[in-house]
Colleague: 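Please see the structure below; I have some questions.
The figures that follow rest on heavy atoms only: side chains count, while hydrogens, waters and symmetry mates do not.
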Amino acid sequence: MPPPDDGLAGAPRSDGLIDRYEQIAQASLEMLAAARHGDWDSVALLEAACRGLISELQVQAASLRLGAGEQRRRLVLLRSILADDAEIRDRSEPWLRVVEKLLHAPAARPRRTRTD
């Protein structure tokens, strides 16, 4: 029995594309580990490397297509990368939590002063 048609018949496919997503996910995980240790120099270096991988991915993705299984794997990787990114941002910008608490805190009532 032939495999189901994924709508990509004739389109170039490459395992290299999913490999690039895997590399980006690994770099993201390493960035998160560095952020958890407060090693912001390493985070910056890994971020630069990740930007390079993303640029390469964009070039590859313009001409290659993923099959159905690869698309599912891609989504898993993207969700992982986004979760890592959210935690890195949370750790790199702790002042945002303070501002958020201030914005959600009940407004203080103005003090009344006596003018007797």
Colleague: Find the distance between CG (Leu32) and CG (Asp90) and round it off to the nearest 0.5 Å.
Modeller: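 Reported value, rounded in 0.5 Å steps: 10.5 Å.
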Colleague: Listing request: all side-chain hydrogen bond (donor to acceptor under 3.5 Å, both in side chains) pairs with a residue in residues 44-57, at least two apart in sequence or in separate chains.
Modeller: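 Pairs touching residues 44-57 that pass the test: Arg20-Glu56.
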Colleague: If I compare all heavy atoms of Met31 with all of Cys50, which pair ends up nearest, and what's the gap?
Modeller: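 Looking at all heavy atoms of both residues, the shortest contact is SD-CB, 4.4 Å.
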Colleague: Taking side chain to side chain contact (heavy atoms under 4.5 Å, CB included) as the test, write out the residues that go with Arg79, two or more places apart.
Modeller: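 Testing Arg79 for side chain to side chain contact (heavy atoms under 4.5 Å, CB included), a comparison that skips the adjacent residues, returns Leu75.
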Colleague: Enter the distance from Tyr21:OH to Leu78:CG here, rounded to the nearest 0.5 Å.
Modeller: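 Between atom OH of Tyr21 and atom CG of Leu78 there are 5.5 Å.
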Colleague: Do Ile24 and Ile54 have side chains that approach each other closer than 4.5 Å (heavy atoms only, starting at C-beta)?
Modeller: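 A side-chain contact exists here, since the closest heavy-atom pair is under 4.5 Å.
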Colleague: Sequence neighbours excluded, which residues qualify as side chain to side chain contact (heavy atoms under 4.5 Å, CB included) partners of Ala35?
Modeller: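 Testing Ala35 for side chain to side chain contact (heavy atoms under 4.5 Å, CB included), a comparison that skips the adjacent residues, returns Trp40, Val43, Ile88, Arg91.
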Colleague: Are any non-hydrogen side-chain atoms of Arg65 and Glu70 less than 4.5 angstrom apart?
Modeller: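 They are not in contact (no side-chain heavy atoms under 4.5 Å apart), so the answer is no.
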Colleague: By side chain to side chain contact (heavy atoms under 4.5 Å, CB included), which residues pair with Ser80, not counting sequence neighbours?
Modeller: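 In terms of side chain to side chain contact (heavy atoms under 4.5 Å, CB included), with neighbours along the sequence ignored, Ser80 is linked to Asp84.
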Colleague: What residues, two or more places apart in sequence or in another chain, satisfy side chain to side chain contact (heavy atoms under 4.5 Å, CB included) together with Arg72?
Modeller: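 With neighbours one apart ignored, the set is Ala68.
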Colleague: To the closest 0.5 Å, what do you measure between CG (Leu77) and CD1 (Ile18)?
Modeller: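 It is 5.5 Å, given to the nearest 0.5 Å.
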Colleague: Go through it in stages, so that I can follow the logic: the residues are Gln71 and Arg74, the test is side chain to side chain contact (heavy atoms under 4.5 Å, CB included), and I'd like the CA-CA distance, side-chain angles, deciding distance and then a yes or no.
Modeller: CA-CA 5 Å; Gln71 282 286 10; Arg74 176 183 164 269; 3.4 Å; yes
Colleague: Run the salt bridge (charged side-chain N to carboxylate O under 4.0 Å, His left out) test against Arg73 and tell me which residues pass, sequence neighbours left out.
Modeller: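 Testing Arg73 for salt bridge (charged side-chain N to carboxylate O under 4.0 Å, His left out), a comparison that skips the adjacent residues, returns Glu22.
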Colleague: Check salt bridge (charged side-chain N to carboxylate O under 4.0 Å, His left out) between Asp39 and all other residues, then give those that pass, not counting sequence neighbours.
Modeller: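 Scan of Asp39 (salt bridge (charged side-chain N to carboxylate O under 4.0 Å, His left out), adjacent residues dropped) gives none.
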